[in-house]
Amino acid sequence: MRAFLALLLFIISPVLSAEIRTTLDRYAVTAADTLTLTLEVSEQVEQRPDLSVLETDFRLQSSQKIIVSSHTSANRDVWTRWHLQLKPRNTGTLVIPPIRLGSELSAPLEVHVSGRTPAQAQGAGRFMDSLISQDQLYSHAQLLFTARLFQQEPFEDSITFGAPQLPGALVLTLNEPRRYTTERDGDKWDVLEQTFALFPSTTGLHTLIGASVLVDGEPVIAGDKRETFEIEVLPAAHQNSRGYWLPSERLSLEENWQPPAVLQPGDSFIREIKLTALGLPSDALPSLFSTDSDSFFAQVEDVSLTEKLTPQGLISTRIERIRIEPLGPGLLTLPSIDLNWWNTLADRASTATLPSRTLDVQPPALMEAAYDAQSPANDVQPTANSSDSNSLYAIIGLLALLCLTTSGGWAYSWLQLRQLKNKSQQQGEEEEQRRAQKLLLSHQRAERNTFQALAIACQQNDAENARLRLVEWGQNFWPEHSIDSLEALCEAGRSQTLDFLVLDLDHHLHQDPYTWQGDLLLEAIEKLRSRRLRSDNEINDDSPISSLKMAS
């Protein structure tokens, strides 16, 4: 029996393994043409294929990874495709060798290349062999163009590159020209290299004209001999509710501030927020902090935009300094900041988040007036002389008058202090009511904002982001509970449907987050909010903290 199972496993294992399929768009080209090699595997693969075997006969111009999925009622199929743009280095019948992806090898392919290579065509021991980071990108995303000039003779001191040209694109020079020596086809070549960043804004198929070569400001390669590349500019992948579009390779949010140890109404503090993006100009970075709040006054004191040019691309930074002043005592909640952006490396939506912050605003200390009454302690020494009797009576009369005046002053002060105490107590009660109302509005706003972020994550089927947004939403939906995990949220919800959907989300996070669908979870959350809204409408209570009324 054991031998039979081993034999059966041996027979079906090739069927279960992920086979790599390879195709070419053309099998006969000229040396000036560009080939498109497609690798496809019937599963989701994160590992990059080993493309070093192509370097002998081909130059890799760009590569693009695409994950294709299809859904049916029974199952879900996923394919991973790699589109590789290749330019021949040699002529004749060239072989695309097997390419390794994981533990599998692709089948070899043959292609016939005619004509002359760029080195042969340009002659005179000089030719251009430039690189582009990709041939398909989103509008306003970053395209890296690396201009490379190969020459057998030493370079002139005045030789430079002119910028490449792409319709409707911002072009930036990222570094100074770099010189080095390399070997190609057994010959020694001096190489001049420089990198440019292009940010196209016009969608569609465009022709990128490569960098020109200048000596003393004059071109040394004719305009019709300059390199050309076909570039497809895609429209924005989604529309953001705030109207911005952030296609970036890497984006991060940070804050740099120290919460004050003691905070009272009228005090203020500075909060600094920093946004850093790779592959975006600084003027494309949106504002970060909303100054619209009923619980605090906020004013943006300074906005700093910086750009750093590196060989890896443009790194932009936006720093906002906000002065915040609480309007009353109690808990002050600074709302979380969720910035939706498009990860161009993973080709999917992502969210950068700064969590909400809660500060305790202390009530102001009551200044109690202290009234100290001092009575004179004059010792009157009576004399035995009968002539001083009138003076003694006068002094006694003055002392009696002083006692009456002092008693009246004490009575008046007591009445004033009592009125001041009653007025202070009334003001405290009114301030407590205002604080409760502001806290209620704060919870409503925080619940509405976190629900919108949760809805976006569910609609985008982003399991990891949905888990974070779900906990934040639960903290504002059930403020009377201490919710810091999915388990605590299920205990507060007391819903078997919610328990099942949270268990399903947690299972996908540990197994395969990319297959998770968020529509059912979003529907369940909307039902909970609707039930709370109906319940609150039925309650007729004048207390400002009787219930948390949710926004629909």
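Listed by first and then second residue, the side-chain hydrogen bond (donor to acceptor under 3.5 Å, both in side chains) pairs involving residues 325-339 are Asp338-Thr353 (not counting sequence neighbours). Sorted by first and then second residue, the salt bridge (charged side-chain N to carboxylate O under 4.0 Å, His left out) pairs with a member in residues 475-504 form an empty list; sequence neighbours excluded. Identified under the side-chain hydrogen bond (donor to acceptor under 3.5 Å, both in side chains) test for residues 450-463, with sequence neighbours left out: Asn461-Gln517. Sorted by first and then second residue, the side-chain hydrogen bond (donor to acceptor under 3.5 Å, both in side chains) pairs involving residues 304-314 (not counting sequence neighbours) are Ser282-Glu307. Note on residues 249-269: pairs passing ring pair (Phe, Tyr, Trp, His ring centres under 6.0 Å), not counting sequence neighbours, are Trp257-Phe269.
Of all heavy-atom pairs spanning Gly474 and Ile483, the tightest one is O-CD1, 3.3 Å. Across Val171 and Pro164, no two heavy atoms sit closer than the pair CG2-O, 3.9 Å. The two residues Thr344 and Ala141 have their closest heavy-atom pair at CG2-CB, 4.5 Å. Of all heavy-atom pairs spanning Phe296 and Leu334, the tightest one is CE2-CD2, 4.1 Å. Minimum heavy-atom separation, Pro326 to Leu332: CB-CD2, 4.0 Å. Across Ser316 and Pro281, no two heavy atoms sit closer than the pair OG-C, 3.4 Å.
Under the rule for a side-chain contact (heavy atoms from CB on, under 4.5 Å), the partners of Glu320 that lie at least two apart in sequence or sit in another chain are Ser287, Leu288, Phe289, Val303, Arg318, Ile322. Residues passing the ring pair (Phe, Tyr, Trp, His ring centres under 6.0 Å) test with Trp414: none are found, sequence neighbours excluded. Qualifying side-chain hydrogen bond (donor to acceptor under 3.5 Å, both in side chains) partners for His206, counting only residues two or more places apart in sequence or in other chains: none. Contacts of Arg321 classified as side-chain contact (heavy atoms from CB on, under 4.5 Å), with partners at least two apart in sequence or in another chain: Ile270, Glu272, Asp302. Every salt bridge (Lys or Arg N to Asp or Glu O under 4.0 Å) that Glu464 has, sequence neighbours left out, goes to Arg467. Residues passing the salt bridge (Lys or Arg N to Asp or Glu O under 4.0 Å) test with Lys527 are Glu523, sequence neighbours excluded. Every residue meeting the salt bridge (Lys or Arg N to Asp or Glu O under 4.0 Å) condition with Glu255, not counting sequence neighbours, appears here in chain and number order: Arg271, Arg357.
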**OP:** Show your reasoning for whether side-chain contact (heavy atoms from CB on, under 4.5 Å) applies to Leu275 and Thr317.
**Re:** CA-CA 6 Å; Leu275 170 62; Thr317 302; over 6 Å; no

Subject >> Intermediate values then yes/no, side-chain contact (heavy atoms from CB on, under 4.5 Å), Asn449 and Asn476 >> reply: CA-CA 10 Å; Asn449 294 337; Asn476 293 285; over 6 Å; no

**OP:** Under the side-chain contact (heavy atoms from CB on, under 4.5 Å) rule, what do Leu314 and Leu309 come out as? Steps first, then yes or no, please.
**Re:** CA-CA 5 Å; Leu314 179 65; Leu309 301 174; 3.4 Å; yes

**OP:** Please report the C-alpha distance between Trp516 and Leu509 in whole Å, then the side-chain angles of each, then the deciding distance to 0.1 Å, and finally whether the side-chain contact (heavy atoms from CB on, under 4.5 Å) criterion is met.
**Re:** CA-CA 8 Å; Trp516 179 74; Leu509 284 172; over 6 Å; no

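In this structure a side-chain-to-backbone donor-acceptor pair under 3.5 Å is present from Ser201 to Gly168. Within the 3.5 Å criterion, the main-chain N or O of Leu345 finds no donor-acceptor partner in the side chain of Glu249. The closest donor-acceptor contact from the side chain of Gln194 to the backbone of Asn175 lies under 3.5 Å. With hydrogens and angles ignored, the 3.5 Å screen pairs no side-chain donor or acceptor of Ser424 with any backbone N or O of Leu420. At distances below 3.5 Å, not a single donor-acceptor pair connects side-chain atoms of Asp347 with backbone N or O atoms of Asn343. Judged by distance alone, with hydrogens and angles left aside, the side-chain atoms of Ser248 form a donor-acceptor pair with the main-chain N or O of Leu278 at under 3.5 Å.
For the residue pair Arg469/Asn465, the side-chain donor-acceptor check at 3.5 Å is satisfied. In this model, no donor atom of one side chain and acceptor atom of the other lie less than 3.5 Å apart for Gln362 and Gln264.
Residue Arg323 places its CZ atom among more than 12 non-hydrogen atoms of other residues, nucleotides or ligands, all under 6.0 Å distant. The local environment of CD in Gln496 is sparse, with at most 12 non-hydrogen atoms from other residues, nucleotides or ligands closer than 6.0 Å.
With contacts defined as side-chain heavy-atom distances shorter than 4.5 Å, the pair Pro265/Val361 qualifies. Looking at Leu143 and Ile231, their side chains come closer than 4.5 Å, going by heavy atoms from C-beta outward. Side-chain contact check for Pro311 versus Leu174: every heavy-atom pair is 4.5 Å or farther apart. Proximity of Leu208 to Phe145: side-chain heavy atoms (C-beta onward) are separated by under 4.5 Å at one or more points. No side-chain heavy atom of Tyr514 sits under 4.5 Å from any side-chain heavy atom of His508. In this structure, Pro286 and Leu246 have side chains that are in contact, with non-hydrogen atoms separated by less than 4.5 Å. Between Leu253 and Ile337 the shortest side-chain heavy-atom distance falls below 4.5 Å.
Between Tyr138 and Trp245, a ring centre-to-centre spacing shorter than 6.0 Å is recorded.
Note that the CD1 atom of Ile456 and the CG atom of Leu522 stand 11.0 Å from one another [nearest 0.5 Å]. For the atom pair CG (Leu137) and CG (Leu234), the distance works out to 7.0 Å, reported to the nearest 0.5 Å. Rounded to the nearest 0.5 Å, atoms OG (Ser485) and CG (Leu470) are 10.5 Å apart. Residue Leu172 holds its CG atom at 11.0 Å from CG of Leu144, rounded to the nearest 0.5 Å. The distance from the OG atom of Ser495 to the CG atom of Leu528 is 5.5 Å, given to the nearest 0.5 Å. Taking CG of Leu401 as the reference point, atom OG1 of Thr405 lies at 4.5 Å (rounded to 0.5 Å).
A cation-pi arrangement, defined by a distance under 6.0 Å to the six-membered ring centre and an angle within 45 degrees of its axis, is absent between Arg529 and Phe477.
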